[in-house]
Amino acid sequence: MELPRFFATLRGCNMYREYTQKTADLLREVTGLDDVMITDGGEHADLASTVSFALAKIQKKNPAKIAGEIVAAISAKPEAKGIEVSAKGPYINFIFGGDYVADSVRAARSPDYGTLPSRKEKVVIEHTSANPNGPLHVGHIRNTIIGDTLVRAFRKAGYPVESLYYLNDMGRQIAIVAWGVKNLHYDHIPGEKGDEYIVRHYVEANKIAKERPEIEPEFDVLMEKIEAGDPETVKLFHDSVEICADGIKETLASMNVIHDQFVRETIFLRDGSMQEVLDRIAKLPMAHHEGQMMYLDLSEEGFSNKYVLRRSNGTSVYAARDLAFHLWKNNRCDRSIDVLGADHKLIGAQLQTTLKLINERPPEIVNFEFVSLPEGSMTTRGGVFITADALVAETKKRAMEEVTLRRPELGETEREKIASAVAIGAVRYDIVKVSAEKSTVFDWKEALDFERQSAPYIQYAHARACSILLKAKAEGGYFECYEYSDPYELALAKHIAQFPYVVEKVVSELRPHLLASYVRDLADLFNTFYRFAPVLKAEGKVRDARLTLVDACRNTLFQALGVLGIEALESM
RNA sequence: GGACAUGUAGCCAAGCCAGGAUAUGGCAUCAGCCUCCUAAGCUGAAUAUCUAGGGUUCGAAUCCCUACAUGUCCGCCA
């Protein structure tokens, strides 16, 4: 029984998925096959099936003839109402009808469009987790943007999510920072952020260590002291890390990224959980000891190197604390996801393998390849990097020039507000649009491009939609209407209909760039519609239907930009 | 030497995991469109041996093998 419209909840409305499922069911019934070879219909249809090729082989008949028979069989079924089925040669095409379009557009106007039904499984996503030895650079923020977009996508998909930053507060690199803070006595430069202050110590300490290797043992001493909990050293490390982390948090906040929690590594040393997990691992047959040193021989699992979990001087290593951290995370979630750079692939796989060996749930790992500069890879130690702050600042500057050019009548505060949203959007979009497995070379020209495949382009489409709706309101409003026939209307409406499905896909495949592609296509379709299908100048039902569609598109752009962490401007 | 990833027009990407209809966008280039809902826009043109070579298949950018190129890793760093 169909519920009256006003009782139906729109949350979880996913017309594209429903119709796709219905189509697949129909094909299964008619063909008796499990896999009915559904693909995107491209320009021909909403969906297409190539199942007749497979049947042609079995039945030894012409695939085109089979396609014709399938079309006839499906069309005869009452369940096929609302789906136009046709054959073109061997291809079976499915075009969703007016009800589909109307229901989709109606759903798309809901303030929770794209939000999927609530789930109980708690998700913990760890991302960024850069060492607090200096500012985040453009390599780090690929991790940040992928991670934060996933966090937002999972929330949109109905999951309770906690985002974590794992803060290394006791490793060798932090010992070098601590040594610098203890020995160099740099003054704060006015206006300098904590991460900038700390990195000067880190770079200089590394330089000194290179020139005078005899100071290296001093780092070791610091590491032994922090391991032992020497109060003065604990304070030195803690404060140095805190100063840097504060700066990192500012950078993250400037890009609309907030972590629910920063978790310090030392916790797992102090509370004994690291020792606990090491004791369990020590019982594994592949565990080996040489003095105090412990390592795992994972060659049976395809790893050729030693997986060292304790040093010969008895101090712990990152890998060991990371194992304890992952057990801690497992305790507070049903799904644990790590975003890790290509340099962590091996250690990530070793961690997964080790957790499996002790019968613990391994994390799901999202790997992304490196971002390098035209002149080579970035290194914090060598001081060769473009900081996220510099990128944001430069992009803001460019955006401000652009806004001032286009909207000279606006006051400075207003222009700055727009420029800031444009800049953050441009930075986030430029990074998230490329699939994670591609290594990239940072390119200023592309980062500062505000046309076409960029956030400003999408924000602009949103602002245009808002502007039309505002004018319509001033002209006395409009009536909801969901009757569409114009190809530009239909193309836009049908793309709008796919949004919930895309959200679902992003979280099931852990590929945030799909959303970037989706929303860019949406803006493309809207701009084409805008050009060829006049809205305010149309009359009667056409005008109403188009305004309703503009509102649906406006909301879909708004929702999608929200998942991307990009502000949807109403005017720009 | 081994492992993982990538290789699509002058440049940057999508498509590849789940093989099918003339390989999709953008930048740059060229030609057009603002008395018309914001030109951060739209339209059109030109540009591709989908790294190479084999294989599987009725059908391969997509799957398999080999080679080459690039990136990353193979540390008692993280």
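In what follows, chains carry the letters A, B, and so on, assigned in the order in which the sequence lines appear, proteins first and then strands, with residues in each chain numbered from 1.
Note on A/F450: a base of the nucleic acid sits closer than 4.0 angstrom, heavy atoms only. Among the heavy atoms of the strands lying under 4.0 Å from A/E451 are primed sugar atoms or P, OP1, OP2 only; no base atom is included. Residue contacts shown for A/Q459 are absent, as no nucleic acid heavy atom lies under 4.0 Å away. Backbone-only engagement by A/E265 is indicated by non-hydrogen atom pairs under 4.0 Å involving sugar-phosphate atoms exclusively. Contact annotation for A/R511: base contact, defined as any heavy-atom pair under 4.0 Å involving a base atom. No contact: A/M37 has no heavy atom under 4.0 Å from any strand. Among the atoms of the strands shown, none is found under 4.0 Å from any heavy atom of A/T315. Here A/V550 lies out of heavy-atom contact (under 4.0 Å) with every strand. Contact annotation for A/A533: base contact, defined as any heavy-atom pair under 4.0 Å involving a base atom. When heavy atoms are screened at a 4.0 angstrom cut-off, A/R310 is found touching no nucleic acid atom at all.
The separation of B/C63 from B/C17, taken at their C1' atoms, amounts to 10 Å, rounded to a whole angstrom. Annotation: B/A67 and B/G25 have their C1' atoms spaced 32 Å apart (nearest Å). Annotation: B/A60 and B/C50 have their P atoms spaced 12 Å apart (nearest Å). The same atom, C1', is picked in B/A45 and in B/U49; the two are 23 Å apart, to the nearest Å. Between B/U51 and B/C68, the two C1' atoms lie 8 Å apart (nearest whole Å). The gap from the P atom of B/A18 to that of B/A5 amounts to 14 Å, rounded to the nearest Å. Going from the P atom of B/C30 to that of B/C16 covers 35 Å, rounded to whole Å. Comparing the C1' positions of B/A14 and B/G75 gives an interatomic distance of 38 Å, to the nearest angstrom.
Although no hydrogens or angles enter the test, the distance criterion places a donor-acceptor pair under 3.5 Å between the side chain of A/N168 and the main chain of A/M170. Side chain of A/R546 to backbone of A/E489: no donor-acceptor contact under 3.5 angstrom is found. Side chain of A/S49 to main chain of A/V36: a donor-acceptor pair is present (N/O by atom type, distance under 3.5 Å, no hydrogens or angles).
When each of A/H127, A/H326, A/H344 is tested with A/D338 by the rule side-chain hydrogen bond (donor to acceptor under 3.5 Å, both in side chains), just one qualifies, namely A/H326.
Remark: the A/E290 side chain and the A/S312 side chain contain no N/O donor-acceptor pair separated by less than 3.5 Å. A donor atom on one side chain and an acceptor atom on the other are found under 3.5 Å apart for A/R464 and A/N527. A side-chain donor from one of A/N305 and A/Q350 sits under 3.5 Å from a side-chain acceptor of the other. Side chains of A/T266 and A/D169: a donor on one and an acceptor on the other come within 3.5 Å. A/D46 and A/Y16 share no side-chain donor-acceptor pair at under 3.5 Å.
Here the P atom of nucleotide B/U24 and the OH atom of A/Y518 are 22 Å apart, to the nearest Å. The CZ-C1' distance, from A/F532 to B/G41, rounds to 11 Å in whole Å. One can place CZ of A/F368 at 12 Å from P of B/C73, the figure rounded to the nearest angstrom. Here B/U70 presents its P atom at 19 Å from CG of A/L373, a figure rounded to the nearest Å. Straight-line distance from the CE atom of A/M170 to the C1' atom of B/A78: 12 Å, rounded to whole Å. In this structure, A/R531 atom CZ and B/G44 atom P are separated by 10 Å, rounded to whole Å. Rounded to whole Å, atom P of B/A13 lies 17 Å from atom CG of A/L514. Rounded to whole Å, atom P of B/C76 lies 19 Å from atom CZ of A/F219.
Closest to the side chain of A/Y457, from the set B/A78, B/A14, B/C42, is B/C42. The side chain of A/T528 has B/U43 as its nearest neighbour among B/C17, B/A78, B/U43. Checking B/C58, B/C77, B/A21 against every side-chain atom of A/K57, the shortest atom distance belongs to B/C58. Checking B/A21, B/A78, B/U6 against the side-chain heavy atoms of A/E437 singles out B/U6 as nearest. Across B/A13, B/C17, B/C27, the shortest atom-to-atom separation from the side chain of A/V434 is found for B/A13. The side chain of A/T440 sits closest to B/A13 out of B/A13, B/G15, B/U22. The side chain of A/K537 sits closest to B/C36 out of B/C27, B/A14, B/C36.
The aromatic ring of A/F53 stacks onto the base of B/G20, its centre lying under 5.5 Å from the centre of the six-membered base ring with the two planes under 30° apart. Between the side-chain ring of A/Y91 and the base of B/A21, a stacking contact exists by the 5.5 Å and 30° definition.
Residue A/R321 places at least one side-chain N or O under 4.0 Å from the OP1 or OP2 atom of B/A78. Contact check, A/S435 against B/A14: a side-chain N or O comes under 4.0 Å of OP1 or OP2. For A/S377 and B/U72, the shortest distance from a side-chain N or O to OP1 or OP2 is below 4.0 Å. Within the 4.0 Å cut-off from OP1 or OP2 of B/A78, at least one side-chain nitrogen or oxygen of A/R311 is found. Of the side-chain N and O atoms in A/R452, one or more sit less than 4.0 angstrom from OP1 or OP2 of B/C42. In this structure, A/K438 reaches the B/G7 phosphate: one of its side-chain N or O atoms is under 4.0 Å from OP1 or OP2.
By the 30° and 60° cut-offs, the orientation of the rings of A/Y318 relative to A/Y166 is tilted. Classified by interplanar angle (parallel below 30°, tilted 30° to 60°, perpendicular above 60°), the ring pair A/F268/A/F325 is tilted. Using a 30° and 60° split on the angle between ring planes, A/Y488 and A/F532 fall in the parallel class, below 30°.
Within 6.0 Å of CZ on A/F558 lie no more than 12 heavy atoms contributed by other residues, nucleotides or ligands.
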Could you spell out the base pairing of RNA chain B in dot-bracket, with Watson-Crick or G-U pairs whose two distances are under 3.5 Å, [ ] crossing and | to another strand? (((((((..((((......[...)))).(((((.......))))).....(((((..]....))))))))))))....
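Under the 90° criterion around 0 for the glycosidic angle, B/C12 counts as anti.
For the segment residues 291-309 of chain A, residues with any heavy atom less than 4.0 angstrom from an atom of RNA chain B are, sorted by number, A/M293, A/N305, A/V308. Within residues 342-351 of chain A, the residues having any heavy atom under 4.0 Å from RNA chain B are, by residue number, A/A342, A/D343, A/H344, A/K345, A/L346, A/I347.
Taking the charged nitrogens against the carboxylate oxygens, A/R398 and A/E402 do have a contact shorter than 4.0 Å, which makes a salt bridge.
In this structure, the ring of A/F526 has its center no less than 6.0 angstrom from the ring center of A/H462.
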Between A/E475 and A/K473, does a salt bridge (charged side-chain N to carboxylate O under 4.0 Å, His left out) hold up when you go through it step by step? CA-CA 5 Å; A/E475 292 175 11; A/K473 202 174 167 190; over 6 Å; no
